[in-house]
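First listed ligand is number 1; within each ligand, the first listed atom is number 1. We're numbering straight along the sequence, starting at 1.
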Amino acid sequence: MDNRPIGFLDSGVGGLTVVRQLFRQLPNEEVVYIGDTKRMPYGSRSPEEILKFTWEMVNFLMSKNVKMICFACNTATAIALDEIQNELGIPVIGVILPGASAAIQKTKTEKIGIIGTQATIESKAYAKAIYFKSNAVKVTSLACPPFVPLVESGDFDNEAAYELVKQQLHPLVGEVDSLILGCTHYPLLAKHIQKVMGTEVNLIDSGAETVRDISVLLNYFKLNRKLSSKQSENRFYTTASAEQFKKIAENWLETSVEVETVSIEDKEGKGEYEEKNSHCNKK
Ligand code: DGL
């Protein structure tokens, strides 16, 4: 048993799609979440920058005494997971392998599509993960750079957003029977994506698959939170506006949350954090 929280990181609000799955599948666990909204999108950044920023989020989470870290960000997983996993003394899990495994299970025609950020697609991390398990599959990848800013704007439940999704996904329509949402922001656009791709196409939400693996790791390492422990106090941090983050988080998680703005930039390389006084706990 281990009552410490699980740390989640993402470039912004996308990782909340993984947290929502955690609330459903493992509601007894406690969450510390950091979204680096100030520096998002990560997907158009260089691997060096993504690695540095991911380390800064990891160090922030480690300062909150987490028992496990989930990279709830495909871009960070593609670029930084291997290096950081080898350096930390706690379990660290990413979203790519679980998503790749689920797609292999689901496909019937052996034609899998992957959509993600430019950095994730260019890294070929999904294709490698799929071919590592099965080389009988044909993989088609597509970067969709406008999707992350669209989701972060919070203004995507409309016709204009649907048209944008349709325009971006055009090359994949009719080409695949399973589509991996290879960016944790994309499940927020799932309704539009499903409509464009057709109801017969399986949408694979890597986040949901990852939470199943988190559950296995908690069991394996005996890290589950004690049932009798006090109610979880989930904490959410962002590097930009707490208000905008809170609006999207409460809408998506269907519960009220407290959000705090923090600065995680480790200018001296000493792992020091300056917590600004901009706590947002308006209900
Ligand atoms: N949610 C991140 C991912 O899964 C978003 C990337 C971004 O900031 O571009 O890749």
Exercise. Which atoms of ligand 1 have any heavy atom of Asp10 under 4.0 Å away?
Worked result: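 What qualifies from ligand 1 is 1 (N), 2 (C).
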
Exercise. Which ligand 1 atoms does Pro41 reach within 4.0 Å, using its non-hydrogen atoms?
Worked result: 7 (C), 8 (O), 9 (O)

Exercise. Starting from atom 7 (C) of ligand 1, which protein heavy atom do you reach first, and at what distance in Å?
Worked result: Tyr42 N, 3.2 Å

Exercise. CG of Asp177 to NZ of Lys106: how many Å apart, nearest 0.5 Å?
Worked result: 11.0 Å

Problem set entry | Straight-line distance of Ile50 CD1 to Ile79 CD1, nearest 0.5 Å |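 That separation rounds to 5.0 Å.
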
Problem set entry | Under-4.0 Å salt bridge between Arg39 and Glu56 | yes

Of the side chain and backbone of [X], name the one, both, or neither that has a heavy atom under 4.0 Å from an atom of ligand 1.
| X | result |
| --- | --- |
| Thr75 | both |
| Ser11 | side chain |
| Thr117 | side chain |

Exercise. If we ignore angles and hydrogens, is there a donor and acceptor under 3.5 Å between the side chains of Asp205 and Tyr186?
Worked result: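 Checked: Asp205/Tyr186 side chains show no N/O donor-acceptor pair below 3.5 Å.
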
Exercise. With no hydrogens and no angle check, do the side chains of Thr184 and Thr17 hold a donor and an acceptor under 3.5 Å apart?
Worked result: no

For this session: Check the angle between the aromatic planes of Phe236 and Phe245 and answer parallel, tilted or perpendicular using the 30° and 60° thresholds.
Result: tilted

Examine [X] against ligand 1 and note whether any of their N/O atoms are separated by less than 3.5 Å.
| X | answer |
| --- | --- |
| Thr120 | no |
| Ser44 | no |
| Gly43 | yes |

For this session: Would you confirm whether the ring centroid of Phe60 sits within less than 6.0 angstrom of the ring centroid of Tyr237?
Result: yes

Exercise. Taking the non-hydrogen atoms of Gly12, is any one of them nearer than 4.0 angstrom to ligand 1?
Worked result: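 It does not, in that no heavy atom of Gly12 comes within the 4.0 Å cut-off of ligand 1.
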
